[in-house]
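Working notes, structure below.
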Amino acid sequence: MNTRELLQRYEEWLYYHEGLDLYLDVSRMRFDDALVDALKPKFEKAFKDMEALEAGAIANPDENRMVGHYWLRDPDRAPYPLRREIVDTLNEIEAFAQKVHKGTIHPPEAPKFTDILSIGIGGSALGPEFVAEALAPDFPPMEIHFIDNTDPAGIDRILNRLKDRLKSTLIIITSKSGGTPETRNGMLEVKHAYEQQSLNFPSHAVAITIPGSKMDELERMEGWLAEFPMFDWVGGRTSEMSAVGLLSASLLGIDIRSLLAGAKEMDEATRVPDIKRNPATLLALAWYSAGNGKGEKDMVMLPYKDSLLLFSRYLQQLVMESLGKEKDLDGNIVHQGIAVYGNKGSTDQHAYVQQLREGIPNFFATFIEVLEDREGASIEVEPEATSGDFLSGFLQGTRQALYENHRDSITVTIPQVNPHTVGALIALYERAVGLYAFLVNVNAYHQPGVEAGKKAAASILNLQRQVLATLKNAAQPLEMAVLAEKAGATDEIETVYKIVRHLAANQRGVTVQGDRAKPSSLTVSIH
C-alpha cells in the first residue's frame, strides 16, 4: 500500500475510547474485507455465547462451574446471591488495609507491618506481581516480595533479604484448595523460618482461599490473622480483580476502586456487538487473521514503558492457558493456541528485533504505547527532542520497519500507566481471549494439560518414596536396573536415575557410583 492508502486503512480501523482515552490500531494487520465478512457469523455467535457466560451459564463443564470474573467489577450483573459477597469482600479488603497502614492491625513483635510476603503460583502470583510492578508508588506504605515457585534457593533469597524484618512482615498465602504443592511448600518453608526466629507465624499469616478448603481449615485451627475468600467461579488467570490481586494492591497503596472502574468501563466497551466498535473483537480478529485461526504465529508483546515490563509474562498465562487446547468443544483434535512472549521497548530493539524484522516471519507484534512520558516536564537531550521523544520515535520506527518487511503489528495506546488504564488493559485482554476462544471453538476456562502435569509430578514423587524405601532395605549397593525393578519401575530406569542423581546432589544420603553418562551401569546406595 502507498502512504495514502495506509492512512485510509488507519482511519478505517482505528478504535478510540473517549472515556479511557485508549486507542487500538489494527491497521497494520493484513486482514481483508473477505475475512471480516466470513467471520461475522462466528462473531455473532460469540457475542451470544459471551452474553450467556456473563448471565451465569456453565462455562466449565469439567468442574460444573460458572465463569464470573466480569462480575467482580460490576456486582449488579452477578446472580443475586453472589452480589453481597463480592461487595462485602471488597469492603473488608479496604478496611483491613487501612487498619494495617494505621497500625491498628500489627504483629506482636513490631508496631507496624513493614513488608508483604505473597506466596502463590500461576494466577495467584502473576497478576499481583504485574500490578505491583506497574502501579505501586515510588514510596509505598509497605514493600512487597513474592515466593512464586518451589525453588529452595529462590525462597532462601527472599527470606535472607527480609531477615530481621520477618517480625514485621505480613504473609499472604493464596491457594484455592490449600493443596497446591508449590504454595504449600512455600508456606511450610516460611513457617519454618518463623519458628527458627521464635516468631509466631499465625499472627502474621493471611489466607486467601475457598471456604471449606484445606487452607481454610488450617487457618481456623491455627488462628491466623485474617482470611479472604476466593470464588470457585473465578479462574486463577482471571483473578486479579478478586481478593487474589486486590488485597496486595490495596496494601501497597494502589487505588483498587479505580482499577475496578477501568475494568468495568472496558467491559462495557467490549460488549458492543459490532466488530469495528469493539476493541476486544478487533484484537480477536487480528489474532485470527495472523494465525489463520490456528495460532500459526506467535504474539510478541512490546510494552514501551518500564512499569509494564511484566505485562507479557502476565499475558502468557492468560492467553496460553486459555487457548492452548488439544480438543475443541466438539471433541475434535485441533491443537489450538497462541504462543506469547516479549519484553519491553526500546530495550529489546537491541535484542530480538533484528530477528523480528529479518528472521523467520512466524509472529505478529503488539506495541503498548503510553502517551505521557513522565509527571512534569522533560529536559531536551537533543535540540527539540526529549528522552520520551526518543522512546516514541523508536516505537514508531520499529512498527514501520516491521511493516515494510511484511511483519504485522497491533498498537494499543493509553494516556498513562495508572490503575484505571491497567484495569482496562486487563479487561480488554480477558475479553479478547474469551471471544477468540469462541471463534475457534475451544473452552477458554479449563486447563486439563495443567492438571495432567500435576498428576505426573505427583507420580514422580511417589516413585521417589519407593526408591528411598528400596535403598533403605537393601543390604548392599544396587545396580540401577535392579533398583528400578525393586521399586516397581522396571521400565523407568531413566526416571529412577534422575531421582537418585537429584537426591545425591542434595545431601540426602544417596551415593551413586560409576559412569554418570551411562545411567544403566551405575550402582546406588544409601547411608
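When a residue number appears, it is its place in the shown sequence, counting from 1.
Using modelled atom types, no side-chain atom of R399 and backbone atom of S409 make a donor-acceptor pair closer than 3.5 Å.
The nearest pair of heavy atoms linking A269 to P279 is O-CD, 3.9 Å. Considering every non-hydrogen atom in both G293 and V440, the closest pair reads O-CG1, 3.5 Å. A pairwise comparison of heavy atoms in S289 and L35 identifies CB-CD2, 3.6 Å as the closest pair. Closest of all the heavy-atom pairs between L246 and M241 is CD1-O, 3.1 Å.
Ring centroid separation for the pair W13 and F31 comes in under the 6.0 Å cut-off. Aromatic rings from Y288 and F43 are positioned such that their centres are separated by 6.0 Å or more.
N418 and T421 share a donor-acceptor pair across their side chains, judged by distance under 3.5 Å alone. Using a 3.5 Å distance cut-off with no hydrogens or angles, the side chains of E240 and H69 do not pair a donor with an acceptor. A donor atom on one side chain and an acceptor atom on the other are not found under 3.5 Å apart for D156 and N160. Judged by distance alone, the side chains of S175 and R184 never bring a donor and an acceptor atom under 3.5 Å apart. A donor-acceptor contact under 3.5 angstrom links the side chains of T114 and S168, judged on distance only.
Cation-pi geometry between R30 and Y403 is met: under 6.0 angstrom from the ring centre, within 45 degrees of the axis.
The aromatic rings of Y314 and F130 sit parallel to each other, their planes meeting at less than 30°, with 60° as the upper class boundary. Between F394 and F390, the ring-plane angle classifies as tilted under the 30° and 60° cut-offs. Aromatic ring pairs are classed by plane angle as parallel below 30°, tilted from 30° to 60° and perpendicular above 60°; the pair Y304 and F367 is tilted. Between Y15 and H17, the ring-plane angle classifies as tilted under the 30° and 60° cut-offs. In this structure, Y23 and Y16 have tilted ring planes: the angle between them lies in the 30° to 60° band.
Salt bridge status for E12 with K276: present, with a side-chain N to carboxylate O gap under 4.0 Å. Classification of R313 and D148 as a salt-bridged pair holds, one side-chain N sitting under 4.0 Å from a carboxylate O. Salt bridge absent: K305 and E369 never bring a charged side-chain N and a carboxylate O closer than 4.0 Å. For E430 and R237, the salt-bridge test fails: no basic side-chain N is under 4.0 Å from an acidic carboxylate O. Ion pairing between a basic and an acidic side chain is recognised when a charged N comes within 4.0 Å of a carboxylate O; K498 and E494 show such pairing. The residues D267 and K264 are annotated as not salt-bridged, no charged nitrogen and carboxylate oxygen being separated by less than 4.0 angstrom.
Within 6.0 Å of atom CD in E358, more than 12 heavy atoms from other residues, nucleotides or ligands are found, so the atom counts as buried in its surroundings.
Here the straight-line distance linking atom CZ of R65 with atom CH2 of W233 works out to 12.0 Å at 0.5 Å rounding.
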Before giving the answer on salt bridge (Lys or Arg N to Asp or Glu O under 4.0 Å), spell out for E268 and R77 the whole-Å C-alpha distance, their side-chain angles and the decisive distance to 0.1 Å. CA-CA 12 Å; E268 291 167 355; R77 286 184 169 269; over 6 Å; no

